[in-house]
A.B. asks: 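Starting off with a structure, shown below.
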Protein chains: 2
Amino acid sequence: MSDRERSKVLGGLLIAAADASRAAFAEAVSEQGFTPTQARALFALVEPMPMRSLADQMACDASNITGIADQLHALGLVQRVPGEDRRVKLLTLTAAGERRRAQLEQQVRDSTFPIDRLTTAEQDRLEELLRKLTGEATAPGATPRQPAATSRR
Amino acid sequence: MSDRERSKVLGGLLIAAADASRAAFAEAVSEQGFTPTQARALFALVEPMPMRSLADQMACDASNITGIADQLHALGLVQRVPGEDRRVKLLTLTAAGERRRAQLEQQVRDSTFPIDRLTTAEQDRLEELLRKLTGEATAPGATPRQPAATSRR
DNA sequence: AGTCGATGGTTGACTTAGTCAAGTAACGGC
DNA sequence: GCCGTTACTTGACTAAGTCAACCATCGACT
């Protein structure tokens, strides 16, 4: 009984925390005139990438990508470059796209997020818990567990 | 550099965890034919409540509630009972509404959520971190920090 | 008493994000 | 050369939420 109630409260808390993070992200990128999804796409496009891959990476339907690509294209930020396989189109940042992406990255870097309220040690602990919660292994490749000094901020 | 990157990864992790929780909830309630928002409304309506209050509690625009109330009314689960203040309408569960609500509660109780992967101790720790992260004090009134045994209620 | 600003609820137009099904074009194995 | 699969597009649809405008009522104040 109580355990279940607990789950519910905690779930709510978790979702609230995530929403706050999302909102902070949305806020940051909107200052550059982007929607969160556009921003996510821009961030994903470090290098040319088939639309299908982008869909996978953003965990959404492929048909979504068409629209996002259209929007970013209308802004002159991406191009559809035909791939070797002539079915695929490689989404590629234009020069302007690279520029905007860098600006956006700076913007996000300069914004503060709810997570910044935690010390590095706490962040470590949180990461561990979240990974266990989502059923992921300790680390997927990045994040090779660092000594965790007491961060600034 | 690393601190900021860290934030980003962690933020993603947090959001992923929340999404998983949300999905589990959506899955559970959809088995009873409800959307998550309908379910949230149903859960909130332990007792008759002005639409405005429900909007506050669900942290959404009042105009949203109109629609949700309409849907639940169409299902015969709620009624708009005029309040003392004749502007307000008290959303009230019908007998059928009470029944469905109970079933739904059972359903949710019986479903497992990502959070259940954590031990009670881990859940405590997570709660603490999340509260700090969202800037909340330890507890808003409920949850007066207990020794985390299998508690009452 | 009467006026007026604030409040509760509704409506309609709009946005974001996502799904799904169907269609076209190209790929690759047989 | 056919056929099943894959990549992208399109269009219709849904869930959810925002915003502005509106009506009725409230309550405070002159």
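To find a chain, count down the sequence lines: A is the first, B the second, and so on, and within it residues start at 1.
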A.B. asks: So, B/Arg131 and B/Glu128, do they make that salt bridge, N to O below 4.0 Å?
C.D. replies: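 A salt bridge is absent here (no side-chain N lies under 4.0 Å from a carboxylate O).
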A.B. asks: Nearest-Å distance, NE2 (B/His73) to C1' (C/dT10)?
C.D. replies: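 Rounded to whole Å, this separation is 15 Å.
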A.B. asks: Would you mind reading off the distance between A/Leu91 atom CG and D/dC8 atom C1', rounded to a whole angstrom?
C.D. replies: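 Computing the A/Leu91:CG to D/dC8:C1' distance gives 11 Å.
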A.B. asks: Has the side chain of A/Arg87 got a donor or acceptor that lies under 3.5 Å from a partner of the other kind on the base of D/dT6?
C.D. replies: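 Checked by distance alone, the answer is yes.
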A.B. asks: Could you check how far CE of A/Met49 sits from P of D/dC8, rounded to whole Å?
C.D. replies: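 Atom-to-atom, A/Met49 to D/dC8, this comes out as 11 Å.
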A.B. asks: Nearest whole Å is fine: how far is C/dG18 P from A/Asp61 CG?
C.D. replies: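 After rounding, the reported distance stands at 10 Å.
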A.B. asks: Can you see if the side chain of B/Arg86 gets near the phosphate of D/dC26 - specifically, an N or O under 4.0 Å from OP1 or OP2?
C.D. replies: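 Yes.
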A.B. asks: Between A/Ala59 and A/Glu84, which is nearer to the 5' end of DNA chain C once each is assigned its nearest nucleotide?
C.D. replies: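 Result of the comparison: A/Ala59.
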A.B. asks: Do A/Ser63 and C/dC20 have a side chain to base donor-acceptor pair shorter than 3.5 Å?
C.D. replies: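 Flag set: donor-acceptor pair detected.
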A.B. asks: When the distance from CG of A/Asp70 to C1' of C/dA17 is rounded to whole Å, what number comes out?
C.D. replies: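 Distance check: A/Asp70 CG to C/dA17 C1' gives 15 Å.
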A.B. asks: Return the value, rounded to whole Å, for the distance between atom CZ of A/Arg40 and atom P of C/dT16.
C.D. replies: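 Value for this atom pair: 16 Å.
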A.B. asks: Could you check which of D/dT10, C/dG8, C/dG18 has an atom nearest any side-chain atom of B/Arg52?
C.D. replies: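 Nearest nucleotide to the side chain: C/dG8.
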A.B. asks: Could A/Arg22 and B/Asp19 be called an ion pair, given the rule that one side-chain N must be under 4.0 Å from one carboxylate O?
C.D. replies: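 Here A/Arg22 pairs with B/Asp19 in a salt bridge, since their nearest N and O are under 4.0 Å apart.
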A.B. asks: Kindly give the heavy-atom pair with the smallest separation between B/Gly33 and B/Gln38, and that separation in Å.
C.D. replies: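 Heavy atoms of B/Gly33 and B/Gln38 come nearest at O-OE1, 4.1 Å.
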A.B. asks: Take the protein atom CG of A/Leu90 and the nucleotide atom C1' of C/dA26, then report the distance between them rounded to whole Å.
C.D. replies: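 After rounding, the reported distance stands at 15 Å.
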A.B. asks: Base, sugar-phosphate, or nothing: which does B/Thr35 touch, judged by heavy atoms less than 4.0 Å apart?
C.D. replies: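 Answer is sugar-phosphate: B/Thr35 comes under 4.0 Å of backbone atoms only.
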A.B. asks: Which heavy atom of A/Ala44 sits nearest a heavy atom of A/Gln57, and at what distance?
C.D. replies: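 Minimum heavy-atom separation between A/Ala44 and A/Gln57: CB-NE2, 3.6 Å.
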A.B. asks: Return the value, rounded to whole Å, for the distance between atom CD1 of B/Ile68 and atom C1' of C/dT11.
C.D. replies: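 Computing the B/Ile68:CD1 to C/dT11:C1' distance gives 16 Å.
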A.B. asks: Please determine if a side-chain N or O atom of A/Thr37 lies less than 4.0 Å away from the OP1 or OP2 oxygen of C/dA17.
C.D. replies: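 The answer is yes; a side-chain N or O of A/Thr37 sits under 4.0 Å from OP1 or OP2.
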A.B. asks: So what does A/Asp85 hit on the nucleic acid, given a heavy-atom distance under 4.0 Å: a base, only sugar-phosphate, or nothing?
C.D. replies: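 If one applies the 4.0 Å heavy-atom cut-off, A/Asp85 turns out to touch the sugar-phosphate alone, with no base involved.
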A.B. asks: Apply the test side-chain contact (heavy atoms from CB on, under 4.5 Å) to residues A/Thr92 and A/Leu45: give CA-CA distance (whole Å), side-chain angles for both, the deciding distance (0.1 Å), then the verdict.
C.D. replies: CA-CA 7 Å; A/Thr92 311; A/Leu45 288 177; over 6 Å; no
